Structure formats: structure tokens, C-alpha cells
Amino acid sequence: MLRAQLGLILEHAAKVGEVAAQDVPPTAYAIPRRNVLRDDEPEPSISHADALSNAPEAEDGRFKVPRITEME
Amino acid sequence: MADLCDLTGSELSVKLASGEITSREVTESCLSRIGAVEDRIGAFLTLTEDSAREQAASSAERLAAGAARSPLDGIPIALKDVLTTRGVRTTCASRILESYVPPYDSTAWARLRDAGSVLLGKTNMDEFAMGSSNENSAFGPVRNPWNLDAVPGGSSGGSAAAVAAGETVWALGTDTGGSVRQPASLCGVVGLKPTYGLISRFGLIAFASSLDTVGTLTRSVPDAALLLSVLAGEDPRDATSHSAQGQDFNEGLDGGVDGLRVGVVREALGEGVHPNVRDAVRSGVDRLSDLGARVGEVSLLHAEYALSAYYLIAPSEASSNLARYDGVRYGYRAPEAKDSIDMMGRTRGAGFGPEVKRRIMLGTYALSAGYYDAYYGQAQKVRTLMIRDYAAAFVDFDVLVSPTSPTTAFRIGEKTDDPMAMYLNDVFTIPANLAGVPAISVPCGLDGGGLPIGLQFTAKVLGERTLLRAAAAFESAVALSERPPLLASL
């Protein structure tokens, strides 16, 4: 079902190709802003405990995950 | 007689300031309405009654001492469950965030809280804000207060339904392709999507970052202006936010539309629009003309490509944003995985619903090598053309009008097997997101079955004052006097 649905959606989406746009630049953000920077000074941020508070599994103050290497 | 929870925020603000009522009474009125109708509507995912009562008591003390923090002080609100609230579960209506308790507040909620708002709870929505009917919630549908067999629209369906039913005075939603305006239209309330960046997105859990906008659902246009005055402004945590500090959007709201140039979008009254909607929009336009507006027709030539462009750009950004749900730092983790990669696959497979999966697949496809130029690249060019169309339209007109949605509320289940039919609900709301311009949906009548119809006004970037002034004038002239039938039986 998903295959058929995605096919139909892409068929409709391909309509964007009908627009001749050789000389039209792409837009990523409608209202572009440049160089929005703050002073490079440390500010208080989220605590270690808060950062781990939603972890499915944690140990010794770190996120714990299932093993990441193949077993022989 | 109407209960306190049925009054507008503006009316309550006056009564609270004069001491005629207290925040406790308003809050209890909303909670009692929630008790009476919520089991039939399903607008909320989380209720925060206890903290609401505490916040109301604090507000009552402030107002008694003449120390109100803002015109919003003491007025209850509900937030779409995509905006983070410190210590209060925030789910995005997804299994993958079912038990997520954010350690930080969204800027939108922080501003409201500091202004004295009372939080009633978090509202139901389409999962990750992807949908137009609220049927994509992992926690069940929301029912439209005007007809319990009909959808409330989406994705901010819970917020719209809660406002329409008097469960809250007003609510926040978010709008990426119409998710505030379309449910507002289908539920007979006012839905404002401001200029992209006018309200900080910090703490708005990301769907499509270049399109996501926080918006308001209210029972009047002045209420939308009241909320916007508190919410708008630059935020160092959102580099795309605009400076609008301290602006009073209620100022000049009653200026009327005499001499205002109103452009009716020609493409939006063609095929696919329900005759009742077309008629209501036409008579709405006539009323604007009666009020002194100079009405003409306008074309948004590339609007027919906007839907296609949106369904490439939004899924592309979503596929990137949703990669963060990996079962490592927060959210659901699937058990019994053989290794980390297997765990991430199982987590996403079990945690995301079908519409979210559809869009992630679409997005990754549109961004993949070989297809990038034809899909994503071309869609971004359509975006440029859409911006140019608006720029041309706003040379001749101050505001544009169109239907908000081609139809009124449809039956629950009617479009769930046909994603393309569902996506077409957003055909008139998407162009404003692509161009970043502000737009608002205002009730303009009922269809033959007694379901609300919305009229959409659009203005240029940061043209909120003109937008709200036009919408307020229209609302005063065409006020919806009917209420959802559900409320008559209370």
C-alpha cells in the first residue's frame, strides 16, 4: 500500500518540474537572515542531570546503548 | 447565559482587571467545561489541573494587589503538544515521545507564563504536526465540536476544538502548511499564522524548520492580537526570529477597511472548492466592499505548484529533523535489540506512525543523489517564484483573500486511505508558508450542514497590523452568531 501511495504522491510532486526555472535561484528560507551571532561568551546551559533525565538507559553520567560492534 | 469559559480573552481581561471576576473562577469554568465535554471531544493529551489551580491562585493574588503582569494575567490557555513545557510531558502525539518530559520551556510558553497565563494542558494533534485531520495522532482522534462525527482539521486539531468548545479561552498551535488556519476554519474559530520568525521557534519540536511557525487559536481577532503582542519578539535562541519587542498589535485594530485594497485570489475560487465555501467567500468579499474596501482580483500564478513544492520541501526537512529520534538520548527505545543499529531501526519502526514514516521516506528520496535537483532543488525554485508572485500582488493590494480550506469539516475516516486527497486540504494555506507571509483565518459563515467556513486574509511579510485590522473589521461585520450545537445541550 505504501509503495502505491508514495508513487502517487511523487507523481504529483514531480509537477514542480513543469516550471521552467533555469534562471530562478532556489530559496531555502523565505526571509533570509545572515550572520546572526552573539558574543562568544559562555552562558549557563542545561545541567548534566537534566540532559540525562530522559535517557532510556544511562550509566555513570553517560547515555548507555546496546553494543555497537559485531560479536565474533 | 454564557459561562466565563465562553467569553473572549479580551472580555475576560477587562473583567479580571476590574476585579469583577478572579482567575480562579475563569480557570474553574474551563475545567468544568473540560469535565463536561472532553470525553466526547478528545482535545487534550495531558491536563494540568493542579498546577493550573496554583497558577490561578497566584494570579488572583497579583491582580488583587494591583500587580498584573500583562492583560493576559490569569487567563487560561492550552498549548499544542509540540511546544515544550518544562516538567510537563510533551509527546507530539507520537509513541516515540510518549513519556518525554522536557527539561526546558519553549520560548512561546516562557513568554506566556511570564505574562501570567494559566496552563490548562497540552492538546492533541497529528503526530509531529503531520496531517490535516488530527487522525494521525497516536493517542486517538479529536472530534469537531460542531459535529462529533467530523474531523476538527489539523494538525492543531486539539487546540482548535478546545477553543471552539470553551474548554480553554484560547490556545497555541503551530502552522507549517496550514496547521493553525485549516483547523480554525473547520472549527469556526480565528487562526493566526504570523510572519515566519515573528514568534520564536525555540522549543517548538521541529518538523520543517524553514516553514514552522507558532500561531494562535482564539475566539476573536482582538484576542489573536493580544496574544501576539506577548509572543512576538527576537530570541537569541532562534536565529531566524525577528525584532518586534514591545509591539502592541491591538493598537489601530479598529481602523476599518475603508480604502484598503483587497485582492481576491482568482485561483482559489475555481474547481475543487465546495460551492457553499465559494458562496460564503464571495459574500464575505461583498461585505468587505460594503465596508469601503477597494476589491479587485489577483493571480498567484505559481500557486498550483505550491502544493507539490511543499510536499517535497517539508518531508525533506522532516527526514533530517526526525533523525534525532534514535532511542539514545530521549524517547522510546525498542527492547531486545541485538546491537545499536538494530535498536534504532526497531525504535523508529515501532515509535513512528504511518504518516510520519511516509514523509520520512519521501524526504530521504527527494534528497537522494540523482533525484535532488529534480525534486528538492526544483521545489526550492518554486518557492522563489511563489515569493515573487506575492511581491507582485502586494504592489497592487494590501491584503489578499481566499477560502482557508476548499471544504468544510469532513467525516472521520473519510480520507485516511488517500494521502493525496488529505494533502489537498492545504492547497490554499501552503503558499503563505512557502513565502513566509502572515495569514489569518476568520469564520465567515456555515455550510448547508451547519459546519463553519473560514475566510483567509494574507498580508506581506511583517504586515500583521494591516492583516489584523482587515480581519477585525470583517469579524465585526460578519460575526458568527451560532455556537457548536454540543454547547446548547449543557
Side-chain angles (χ1 to χ4, degrees), chain A residues 1-41 43-59 61-72, chain B residues 99-104 195-197 210-211 236 239-240 242 302 304-305 307-309 311-312 327-333 337-343 354 357-358 361-362 365-366 374-388 417-420 423 433-437 461:
Chain A
M1 189 172 78
L2 207 54
R3 183 191 296 258
Q5 287 176 344
L6 290 175
L8 281 173
I9 296 165
L10 280 170
E11 200 176 299
H12 193 277
K15 236 174 112 76
V16 296
E18 293 172 13
V19 179
Q22 210 82 64
D23 53 345
V24 178
T27 298
Y29 276 84
I31 308 167
R33 301 199 56 196
R34 273 162 209 247
N35 299 335
V36 182
L37 302 171
R38 65 165 172 82
D39 295 334
D40 188 17
E41 284 164 15
E43 287 175 15
S45 69
I46 188 171
S47 74
H48 200 103
D50 276 353
L52 284 171
S53 62
N54 280 282
E57 212 179 340
E59 196 176 293
R62 298 170 198 162
F63 296 108
K64 188 176 179 187
V65 295
R67 63 193 169 79
I68 53 174
T69 51
E70 297 277 335
M71 294 284 270
E72 286 301 313
Chain B
S99 44
Y100 176 62
V101 179
Y104 67 104
T195 300
Y196 176 81
S210 79
L211 304 164
T240 60
H242 298 285
H302 297 91
E304 66 167 305
Y305 301 103
L307 186 74
S308 302
Y311 277 100
L312 291 167
V328 174
R329 292 153 298 162
Y330 38 70
Y332 171 76
R333 173 187 290 187
K338 65 179 167 64
D339 57 33
S340 274
I341 298 295
D342 183 44
M343 181 276 285
K357 288 177 184 167
R358 251 194 304 269
M361 283 187 255
L362 273 175
Y365 183 79
Y375 287 120
Y376 185 70
Q378 194 72 11
Q380 288 201 316
K381 290 180 175 184
V382 169
R383 192 169 191 176
T384 306
L385 294 169
M386 205 63 245
I387 292 169
R388 289 181 183 171
D417 294 333
D418 188 351
M420 217 42 244
Y423 295 173
N433 296 85
L434 290 179
V437 296
V461 164

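None of these values were measured; they are calculated from a predicted model. Here is the naming used below: chain letters follow the sequence lines, and residue numbers restart at 1 for every chain.
- Separation of atoms OH (Y100(B)) and OG (S53(A)) is listed at 7.5 Å; rounding is to 0.5 Å.
- Among the candidates V36(A), L37(A), I46(A), the residue making the largest number of heavy-atom pairs closer than 4.5 Å to chain B is V36(A).
- Screening residues 49-58 of chain A for salt bridge (charged side-chain N to carboxylate O under 4.0 Å, His left out) gives D50(A)-R86(B), E57(A)-K64(A), E57(A)-R333(B) as the qualifying pairs, with residues at least two apart or on separate chains.
- With chain B as partner, the option from P32(A), S47(A), P25(A), A14(A) having the largest number of non-hydrogen pairs under 4.5 angstrom is P25(A).
- The minimum heavy-atom distance linking G327(B) with P56(A) is given by the pair O-CG, 3.3 Å.
- We find the CG-OH distance between L52(A) and Y330(B) to be 13.0 Å, quoted to the nearest 0.5 Å.
- Remark: R67(A) CZ to D342(B) CG distance equals 9.5 Å, nearest 0.5 Å.
- Side-chain N or O atoms of N54(A) include none that pairs as donor or acceptor with a backbone N or O of G331(B) at under 3.5 Å.
- With a 6.0 Å radius and a threshold of 12 heavy atoms from other residues, nucleotides or ligands, I341(B) has its CD1 atom at or below the threshold.
- The most heavy-atom pairs under 4.5 Å with chain A, out of Y375(B), Y332(B), Y311(B), come from Y375(B).
- Scanning all heavy atoms of the two residues, the minimum distance from G377(B) to P26(A) falls at O-CB, 4.4 Å.
- Between the side chain of T27(A) and the backbone N or O of R383(B) there is no donor-acceptor pair closer than 3.5 Å.
- Of the atoms belonging to V461(B), it is side-chain heavy atoms, and not backbone ones, that fall under 4.5 Å from chain A.
- In this structure, the portion of L434(B) lying under 4.5 Å from any heavy atom of chain A is its backbone and not its side chain.
- When heavy atoms are compared at a cutoff of 4.5 Å, Q22(A) approaches chain B solely by way of its backbone atoms N, CA, C and O.
- Within a 6.0 Å radius of CZ in R38(A), more than 12 heavy atoms belonging to other residues, nucleotides or ligands are found.
- Taking both residues in full, the closest heavy atoms of A30(A) and G436(B) are given as CB-N, 3.7 Å, listed atom of the first, atom of the second, then distance.
- For R33(A), the part sitting under 4.5 Å from any heavy atom of chain B is the side chain, from C-beta outward, and nothing else.
- For K15(A), the salt bridge (charged side-chain N to carboxylate O under 4.0 Å, His left out) test picks out E304(B), with sequence neighbours left out.
- The choice from A51(A), A13(A), A58(A), A55(A) that makes the most heavy-atom pairs within less than 4.5 Å of chain B is A13(A).
- Put simply, the residue from L10(A), L6(A), I9(A) that forms a side-chain contact (heavy atoms from CB on, under 4.5 Å) with Y365(B) is L10(A).
- At a 4.5 Å heavy-atom cutoff, A49(A) makes no contact with chain B through either its backbone or its side chain.
- S308(B) places a side-chain N or O within donor-acceptor distance of the main-chain N or O of H12(A), the cut-off being under 3.5 Å.
- For chain A, the nearby part of M361(B) is the side chain; its heavy atoms alone come within less than 4.5 Å.
- Under a 3.5 Å cut-off, the side chain of T384(B) and the backbone N or O of V24(A) do not form any donor-acceptor pair.
- Contacts between A374(B) and chain A at a heavy-atom distance below 4.5 Å involve the backbone alone (N, CA, C, O).
- Across S340(B) and I68(A), no two heavy atoms sit closer than the pair OG-CG2, 3.3 Å.
- With Q378(B) contributing its side chain and V19(A) its backbone, the two residues share a donor-acceptor pair below 3.5 Å.
- Both the backbone and the side chain of Y196(B) come within contact range of chain A, judged by heavy atoms closer than 4.5 Å.
- Among K357(B), R358(B), M343(B), the residue making the largest number of heavy-atom pairs under 4.5 Å with chain A is R358(B).
- Using a 4.5 Å cut-off between heavy atoms, A435(B) touches chain A through its backbone atoms (N, CA, C, O) alone.
- Between the side chain of R329(B) and the backbone N or O of F63(A) there is no donor-acceptor pair closer than 3.5 Å.
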